[in-house]
Amino acid sequence: MPLRLYNTLSRRVEPFRPADPGRVTFYSCGPTVYDDAHVGNFRSFLAADLLRRFIQSPMCELENDARPASERAAGRRVVHVMNITDVGHMTDDAEGGENGEDRMAVAGRRLEEAKKAGKLPPGASIDPRDPYAIAEFYAQRFLQDARTLGLGVAIDAQADPTLMPRPTKMIPQMLEMIAKLIDKGHAYVAGKSGQRAVYFRVQSFPPYGTLSGNTLDQLRAGAGGRVSDENQSGKEHPADFLLWKEDRSHIMKWPSPYGEGYPGWHIECSVMAANRLAGADGTIDLHSGGEDNIFPHHECEVAQSCSASGSPVFARVWFHARHLFINGQKMSKSKGNFYTIRDLLEKGHQAGAIRLALINTHYRTNADFTEQGVRDAQRMIDRWRKVADAAPADAADASPLPDMPVLRDVAACLSEDLNIAGSLGAINTFVSGIGTPTPADARAMRAIDRVLGVLSLERAATSTTDIGVFIDGLSPDPGVIAKLHERAAAKKAKDFARSDAIRGELSAMGLAIKDIAGGKVEVSRIK
RNA sequence: GGCCGCGUGCCAGAGUGGUCUAAUGGGGCGGAUUGCAAAUCCGUUUACCGUCGGUUCGAAUCCGACCGCGGCCUCCA
């Protein structure tokens with residue numbers, strides 16, 4: 001059953017037909033690194049990661065894949081690129097990125113306050129006034145979180161950094177594309193020297209609006225009251241958008257033929273996709289992002305990329321994940337109702353469970369994220385792990401997949417626009433039907449996990465003493481160990497009142513205990 | 001106003017014309033085990049699928065209307 005995907009561009013679920021079925025090109029809009037990424041950001045990155053892993057898997061069939069079976073059995077190459085936006089851009093992008101304050105400047109102030117309050121994370125010694133340092137600081141934290149959650153592109157980028165490009169390193173290529181757009185009449189310079197701006201001429205690109213379902217008329221109407229006259233005055237059409245802004249006072253600026261300044265928000269992605277991925281015809285197979293990117297960001301990318309390349313197509317398939325809710329509420333920074341990955345790890349949740357909780361709702365529905373959801377996910381993982389661990393991971397994992405119903409079922413579900421819940425049902429039915437797992441069961445489980453990517457993630461550190469097994473990254477505290485010994489003695493003397501009291505004391509400290517084999521006690525965080 | 005999506009048990013969430021008195025996970029309940037817990041294992045509980053109408057031999061699944069909820073429409077993944 002070949003893979004079908006919902007394509008925002010056609011608004012339909014349709015067979016996925018890459019230009020080269022043996023090598024799929026995939027661009028994902030990544031984070032802007034002015035703060036730590038939260039679970040909502042990661043939901044969309046992980047949705048893209050699930051898709052990428054499935055396409056890579058030998059379980060995934062493509063309608064136009066004519067490669068010989070032997071080649072298909074080895075899986076498929078996906079060249080996946082995700083940008084890390086290290087240009088700040090404006091807090092007030094409502095007017096096309098010309099007003100407000102640069103996000104990096106805001107982040108710098110926040111860091112400076114944290115520094116004064118002595119709250120800067122350990123090991124961080126950055127200059128809050130240096131926007132490049134701020135961006136790099138958060139970029140590194142993002143990469144760390146991304147790898148913790150098994151984001152394939154972040155793992156691959158360790159060997160090939162070009163897979164995660166930074167706009168600040170691609171300014172010349174952006175200027176090149178801007179010059180090309182001006183040459184072809186798709187862009188123009190407005191304003192007088194000192195405050196020049198280069199705008200994309202939307203009327204030069206008739207399909208503008210196709211992706212988002214907007215029309216220029218509606219946009220013109222929608223612009224009413226929201227766009228100041230000052231910024232509009234230089235534009236030929238209210239929907240024209242910024243490619244370059246001359247601004248010598250900006251905290252990140254580069255020389256250009258249009259004056260010293262900074263690039264527009266949308267040009268970065270067009271350039272990075274063209275540069276690292278696009279074929280000679282200027283097309284890529286897949287492009288992903290959050291639903292909020294559809295308009296204006298991706299609409300503008302299409303306009304720029306197609307106008308520059310001359311191709312009617314930029315990305316064949318547009319893949320957009322919907323937003324995540326937190327405990328039933330829309331996430332917002334002002335409410336503060338969001339978690340970072342670090343928050344969750346700190347609370348004792350494991351990376352695999354966080355990942356599963358974030359991918360286990362279909363990417364096109366507004367999922368609700370709760371800690372209970374993470375706990376649910378953990379229980380599934382624990383059960384799966386028993387199957388996967390039944391045989392050692394070995395070379396046999398690379399041999400062709402066994403023909404097992406569970407693999408067919410999982411593949412069939414994922415092939416239908418990534419029906420993850422259906423796959424989980426198939427996996428759980430499979431797992432609960434197993435008495436003693438065989439090596440073939442284990443291999444199947446691991447093959448599935450190469451797509452889901454949860455079992456392979458590192459578990460929080462475990463440290464063991466003569467009496468305690470400390471999980472969830474807890475370190476063996478002498479006071480706790482003493483209590484465990486005391487409890488063991490009390491139990492031996494059948495002084496259960498005392499042993500229960502000690503459990504109560506530990507519980508008050510936020511620790512849960514559990515008697516396990518060998519007279520040891522497992523100590524975990526109460527979640 | 002424009003565009004898009006959703007409404008299934010206590011919760012999450014599959015199922016897209018017949019095998020659906022509807023998968024799976026969680027919760028609850030009962031049991032095994034345990035000094036007690038926790039964990040684990042076994043069993044079990046609960047939905048005529050928003051409302052009304054239509055198409056059909058047959059609909060949760062298709063069509064229409066209505067009610068309710070949500071998303072995007074130049075900050076945000």
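We name chains A, B, ... by the order of the sequence lines, and we start the count at 1 in each one.
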From [options], pick the nucleotide closest to the side chain of [X]?
X: A:T429; options: B:rA77, B:rU24, B:rC4; value: B:rU24
X: A:F325; options: B:rA77, B:rC73, B:rG70; value: B:rG70
X: A:H362; options: B:rC76, B:rG26, B:rA14; value: B:rA14
X: A:D515; options: B:rA77, B:rG26, B:rC36; value: B:rC36
X: A:K514; options: B:rA38, B:rG71, B:rA77; value: B:rA38
X: A:D500; options: B:rC73, B:rG70, B:rG35; value: B:rG35
X: A:R487; options: B:rG13, B:rG35, B:rG70; value: B:rG35
X: A:Y6; options: B:rC76, B:rG5, B:rU74; value: B:rG5
X: A:R379; options: B:rG27, B:rC36, B:rC76; value: B:rG27

Provide the distance between the two [atom1] atoms, one in [N] and one in [M], to the nearest whole Å.
N: B:rC49; M: B:rA32; atom1: P; value: 39 Å
N: B:rC63; M: B:rU55; atom1: P; value: 15 Å
N: B:rA65; M: B:rA12; atom1: C1'; value: 31 Å
N: B:rG50; M: B:rG9; atom1: C1'; value: 15 Å
N: B:rU51; M: B:rU61; atom1: P; value: 11 Å
N: B:rU16; M: B:rU24; atom1: P; value: 16 Å
N: B:rU8; M: B:rC62; atom1: P; value: 15 Å

For the residue pair [X] and [Y], confirm or rule out a side-chain donor-acceptor distance under 3.5 Å.
X: A:H349; Y: A:Q378; answer: no
X: A:Q372; Y: A:R375; answer: yes
X: A:N293; Y: A:H320; answer: no
X: A:D86; Y: A:Y138; answer: no
X: A:T148; Y: A:D145; answer: no

What nucleic acid atoms does [X] come within less than 4.0 Å of, heavy atoms only: base, sugar-phosphate, or nothing?
X: A:S288; answer: nothing
X: A:I513; answer: base
X: A:G40; answer: base

If you go through the side-chain atoms of [X], does one of them form a donor-acceptor pair with the base of [N] closer than 3.5 Å?
X: A:R11; N: B:rC3; result: no
X: A:D368; N: B:rC11; result: no
X: A:R43; N: B:rA77; result: no

Working for side chain to side chain contact (heavy atoms under 4.5 Å, CB included), residues A:Q304 and A:H186: CA-CA 8 Å; A:Q304 293 164 342; A:H186 291 293; over 6 Å; no

A:R364 to A:Y6 - nearest heavy-atom pair and separation: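 Result for this residue pair: NE-CB, 3.3 Å.
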
Can you tell me the base-pairing partner of [N]? Count Watson-Crick or G-U wobble geometry only, both distances below 3.5 Å, and say none if there is no partner.
N: B:rC76; value: none
N: B:rA39; value: none
N: B:rU21; value: none
N: B:rU51; value: B:rA65
N: B:rU44; value: B:rG28

Under-4.0 Å side-chain N/O to phosphate OP1/OP2 contact, A:N428 with B:rU24: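 Indeed not, no polar side-chain atom of A:N428 lies that close.
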
N or O in side chain of A:N419 less than 4.0 angstrom from B:rG15 OP1/OP2: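 So the side chain of A:N419 is within the cut-off, an N or O lying under 4.0 Å from OP1 or OP2 of B:rG15.
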
Residue whose closest nucleotide on RNA chain B lies nearer the 5' end, A:R503 versus A:R383: A:R383

Of A:S212 and A:K491, the one whose closest RNA chain B nucleotide lies more 5': A:S212

